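Note sheet for the following structure.
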Amino acid sequence: MDGWSYVTSSLSMRAGVKTAANLIMAGSTNDTATQAVAIASWEKRPADGQVALSRIYMCGTTVVDASTLCSGPKAPSVFVQIQASATWEPPVTFGVFSASSTIGHLEVIRVR
């Protein structure tokens, strides 16, 4: 039962992140709203469950800020990082899954 609980908690978290990723790929630019949708679609989210979105701007392999132009003058590539984390609590403290554990999921989507 503990193993199943761990897997379903992890899959539920991933579903919330995937919902956010789908919104980003569909063109959403409101990171706050996308974050709220990810949290809302995370079924049975633990009390400490959280989702964070951040935008990363890159010229080649160098991270830059949003206002920087790359050589050429070319706009930097834009990536949205979606990170979810929570503490999984076992429903029954027995066997291999007898202690709580941190679970997490990360997705990075290139938007430009």
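Since the structure is predicted, the reported quantities are computational estimates derived from the model, not experimental observations. Reckoned from all heavy atoms, side chains included, excluding hydrogens, waters and symmetry mates.
Taking both residues in full, the closest heavy atoms of S41 and A15 are given as OG-O, 4.4 Å, listed atom of the first, atom of the second, then distance. Here the shortest heavy-atom pairing between M13 and H105 reads SD-N, 3.6 Å. In terms of heavy atoms, V17 sits closest to A84 at CG2-CB, 3.5 Å. For P76 against C59, the heavy-atom pair with the smallest separation is CB-SG, 4.1 Å.
When side chains are defined from C-beta on, I82 does not count as touching L106, because their heavy atoms never get closer than 4.5 Å. Between Q81 and L53, every side-chain heavy-atom pair lies at or beyond the 4.5 Å cut-off. By the 4.5 Å heavy-atom criterion applied to side chains, I103 and S85 are not counted as neighbours. Proximity of V108 to V80: side-chain heavy atoms (C-beta onward) are nowhere separated by under 4.5 Å. For the pair I39 and R45, the minimum side-chain heavy-atom distance is below 4.5 Å. Counting only heavy atoms from C-beta outward, the side chains of I56 and V78 never approach each other to under 4.5 Å. Taking 4.5 Å as the limit, some side-chain heavy atom of S101 sits within range of a side-chain heavy atom of Y6.
Using modelled atom types, one finds a donor on one side chain and an acceptor on the other under 3.5 Å when comparing S5 with W88. Under 3.5 Å, the side chains of D65 and T68 contain a donor-acceptor pair of N or O atoms. If you check the side chains of R110 and S77, you find a donor sitting under 3.5 Å from an acceptor. No hydrogens or angles considered: nothing links the side chains of S28 and N30 as a donor-acceptor pair under 3.5 Å.
Of the possible polar contacts, one joining the Q35 side chain to the V51 backbone as a donor-acceptor pair under 3.5 Å is found. Proximity of a side-chain donor or acceptor of S12 to a complementary backbone N or O of E43 within less than 3.5 Å is detected.
Applying the side chain to side chain donor-acceptor pair (under 3.5 Å) rule to pairs touching residues 50-60 yields D31-R55, sequence neighbours excluded.
With rounding to the nearest 0.5 Å, the separation of OG1 in T19 from CD1 in I24 is 12.0 Å.
By the side-chain hydrogen bond (donor to acceptor under 3.5 Å, both in side chains) test, D48 is found to be paired with T87, residues two or more places apart in sequence or in another chain being considered.
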